[in-house]
Amino acid sequence: MKLKLWQPSARSAGKRSYWNTSMILVCTCAVGLSLLPVQSTQAQDQPATSSLVADASQTKTITVAQDGSGQYSKVQSAIDSIASGNKSPVTIYVKNGTYREKITFPKDKPYITLTGESATDTILTYSDTSASAGGTTNSSSTFVMSDHFTAQNITFANTAGKDAGQAVALYVRGDRAIFKNVRMLGHQDTLYTPGSGRQYYENCYIEGTVDFVFGSATAVFNNCELKSLGNGYITAASTPVEQPYGYVFLNSKLTRSSAVGNASVHLGRPWRPYSSVTYINTTMDSHIRPEGWNNWGNAANEQTARYSEYNSKGPGAAGTRVGWSKLLSSSEAAAITISSVLAGNDGWNPAK
């Protein structure tokens, strides 16, 4: 299947089957017993040709393993085996290993749960860059285009390296996406969240250098760690003006590697004028600059960007923030919850 990938606006300092047949007995109320053939797919890496959809009352599980103990040895092969337009939940269970492949969860395959055997030892990775792949979007190692997607206990990585420039580990465009106990590893542009979908991250680890959480989606990061591997900026939100929230960090922590100096990292900068980022009850190490925020070299962004904090802790919370950011009152902070940010028109609450 061929996918057309979106190309983002430039971001820079100035802009930015095989069939086996068996027989089973089928009871018919009028005729008695009749014999019907049933098809089964051999465990091998090829897209399934059946258009049948799994029973809505059950969750189908597909196992991926490099040692041959699963139905497939590649994650993309497992995805390809799922019928387009599926309405039933499907779990892809990935056994430990490093899977070096470009992976796409297409828009027409919702309700997929991707589960790793362990967060540290189940790794999905590739090493494309903006330069090698022809754009930041195309550099992504894994694309999540589908709605109702969940990932847990797994690592998404881009191993292009610290001097590779823009190199996305995980691209998430779908609505109602959930990530729990997931690691996202990269340097510049690790996690890209384009579009207007809603996303929830819980107990996740994200590392990078420059703009390593960026995009226009509404996302809540609850009890997550964001680790800076170099001087730079944690977020680069491009929140649309009509969207009340961009990134909301709750009960999280901002950490650094030993190579990162004091007062060398900004909380964020606006990729688009109405960029929205909020930190609530977040612990910040001393790598966070006292002024907190950066206007991306454009004073006009100071009139539109929506940056706020409440109850920031640690050495990175000290100092005087820029005058165009906001310190929330306790009542304002209390109103910003997982459900209030992500409810949308359907009342979604992924923390239930």
Inset, instruction - Taking all heavy atoms of S286 and all of P315, pick out the closest pair and write down the distance. - result: N-CG, 3.6 Å
Inset, instruction - Working to the nearest 0.5 Å, report the span between OG of S139 and OH of Y171. - result: 11.0 Å
Legend entry - Sidechain-backbone polar pair: Q188 side chain, A164 backbone, donor-acceptor under 3.5 Å: no
Legend entry - S325 to R321 - nearest heavy-atom pair and separation: OG-CB, 3.6 Å
Legend entry - side chain to side chain contact (heavy atoms under 4.5 Å, CB included) between I82 and I92, intermediate numbers included: CA-CA 10 Å; I82 299 170; I92 299 176; 4.1 Å; yes
Inset, instruction - Find out whether F212 and H187 are in side-chain contact, i.e. whether some heavy atom of one side chain is under 4.5 Å from a heavy atom of the other. - result: no
Inset, instruction - Would you confirm whether N222, through its side chain, and E202, through its main-chain N or O, come within 3.5 Å as a donor-acceptor pair? - result: no
Inset, instruction - Verify side chain to side chain contact (heavy atoms under 4.5 Å, CB included) between V168 and T137, making sure each step is shown before the conclusion. - result: CA-CA 7 Å; V168 176; T137 293; over 6 Å; no
Legend entry - Matching residue for Q152 among T115, T113, T91 - test: side-chain hydrogen bond (donor to acceptor under 3.5 Å, both in side chains): T115
Inset, instruction - Using a 4.5 Å cut-off on heavy atoms from C-beta on, say whether the side chain of E309 contacts that of L327. - result: yes
Inset, instruction - Apply side chain to side chain donor-acceptor pair (under 3.5 Å) to T159 and S127, showing your working. - result: CA-CA 5 Å; T159 50; S127 57; 4.6 Å; no
Legend entry - ring pair (Phe, Tyr, Trp, His ring centres under 6.0 Å), paired with Y279, selected from Y307, Y310, F249: F249
Legend entry - Backbone of V144 reached by a side-chain donor or acceptor of R173 within 3.5 Å: no
Inset, instruction - Looking only at non-hydrogen atoms, find the nearest pair between N203 and C224 and report the distance. - result: N-SG, 4.0 Å
Inset, instruction - Mark yes or no for whether S238, through its side chain, and S216, through its backbone, hold a donor-acceptor pair below 3.5 Å. - result: yes
Legend entry - Cluster check I112, Y99: I/L/V/M/F/W/Y, side chain < 4.5 angstrom: yes
Inset, instruction - Treating Ile, Leu, Val, Met, Phe, Trp and Tyr as nodes and any side-chain heavy-atom pair under 4.5 angstrom as an edge, say whether V182 and V75 lie in one connected cluster. - result: yes
Inset, instruction - Decide yes or no for L328 and K326: does some side-chain heavy atom of the first lie under 4.5 Å from some side-chain heavy atom of the second? - result: yes
Inset, instruction - For the pair D121 (side chain) and N96 (backbone), establish whether a donor and an acceptor sit closer than 3.5 Å, ignoring hydrogens and angles. - result: no
Legend entry - Point-to-point distance, once rounded to the nearest 0.5 Å, from CD1 of I178 to CH2 of W348: 5.0 Å
Legend entry - Side-chain touch T120/R183, heavy atoms, less than 4.5 angstrom: yes
Inset, instruction - State whether the side chain of T122 and the backbone N or O of E117 hold a donor-acceptor pair below 3.5 Å, judged by distance alone. - result: yes
Legend entry - Close side-chain approach of K60 to S88, heavy-atom, < 4.5 Å: no
Legend entry - Check: V172 main-chain N/O paired with Q199 side-chain donor or acceptor under 3.5 Å: yes
Legend entry - Within-4.5 Å side-chain heavy-atom neighbours: D285 and V260: no
Inset, instruction - For the pair S196 (side chain) and A217 (backbone), establish whether a donor and an acceptor sit closer than 3.5 Å, ignoring hydrogens and angles. - result: no
Inset, instruction - Give the cluster check for V213 versus V220: same hydrophobic cluster or not, with ILVMFWY residues linked at side-chain heavy-atom distances below 4.5 Å. - result: no
Legend entry - Polar side-chain atom of D175 near backbone of D147 as donor-acceptor pair, under 3.5 Å: no
Inset, instruction - Taking the side chain as every heavy atom from C-beta outward, state whether S257 and K227 have any atom pair closer than 4.5 Å. - result: yes
Inset, instruction - For the pair K102 and D128, find out whether any cationic side-chain nitrogen is under 4.0 Å from an anionic carboxylate oxygen. - result: yes
Legend entry - Nearest heavy atoms of F156 and L114, plus distance in Å: CZ-CD2, 3.9 Å
Legend entry - T304 vs V241, side chain to side chain contact (heavy atoms under 4.5 Å, CB included): CA-CA, chis, key distance, verdict: CA-CA 9 Å; T304 52; V241 61; over 6 Å; no
Inset, instruction - May I ask you to decide if I79's main-chain N or O and K109's side chain share a donor-acceptor pair within less than 3.5 Å? - result: yes
Inset, instruction - Test side chain to side chain donor-acceptor pair (under 3.5 Å) on S276 and Q243 and set out the steps. - result: CA-CA 9 Å; S276 174; Q243 200 165 287; over 6 Å; no
Inset, instruction - Indicate yes or no: does R269 engage D211 in a salt bridge with an N to O separation below 4.0 Å. - result: yes
Legend entry - Over all atoms of both residues, closest heavy-atom pair of M284 and S312: CE-OG, 3.3 Å
Legend entry - Spatial distance of atom CG (L267) from atom OG1 (T282) [nearest 0.5 Å]: 9.0 Å
Legend entry - Spacing of OG belonging to S252 relative to OH belonging to Y205, to within rounding of 0.5 Å: 14.0 Å
Legend entry - Derivation and outcome, side chain to side chain contact (heavy atoms under 4.5 Å, CB included), residues N262 and R256: CA-CA 10 Å; N262 292 335; R256 60 173 175 169; 2.9 Å; yes
Legend entry - Straight-line distance of L124 CG to I103 CD1, nearest 0.5 Å: 4.5 Å
Legend entry - Cluster check L342, V248: I/L/V/M/F/W/Y, side chain < 4.5 angstrom: yes
Inset, instruction - Would you name the heavy atoms of K107 and M145 that are closest together and state the gap between them? - result: CD-O, 3.4 Å
Legend entry - Contact check, side chains of C204 and M184, non-hydrogen atoms, under 4.5 Å: yes
Legend entry - Value rounded to 0.5 Å, distance of CD1 in I338 from CZ in R198: 14.0 Å
Legend entry - ring pair (Phe, Tyr, Trp, His ring centres under 6.0 Å), paired with F221, selected from Y200, Y245, Y201: Y201
Legend entry - Check: N251/N223 side-chain N/O donor and acceptor closer than 3.5 Å: no
Legend entry - Cluster check L254, V265: I/L/V/M/F/W/Y, side chain < 4.5 angstrom: yes
Inset, instruction - Take the angle between the ring planes of Y192 and F214 and call it parallel below 30°, perpendicular above 60°, tilted in between. - result: parallel
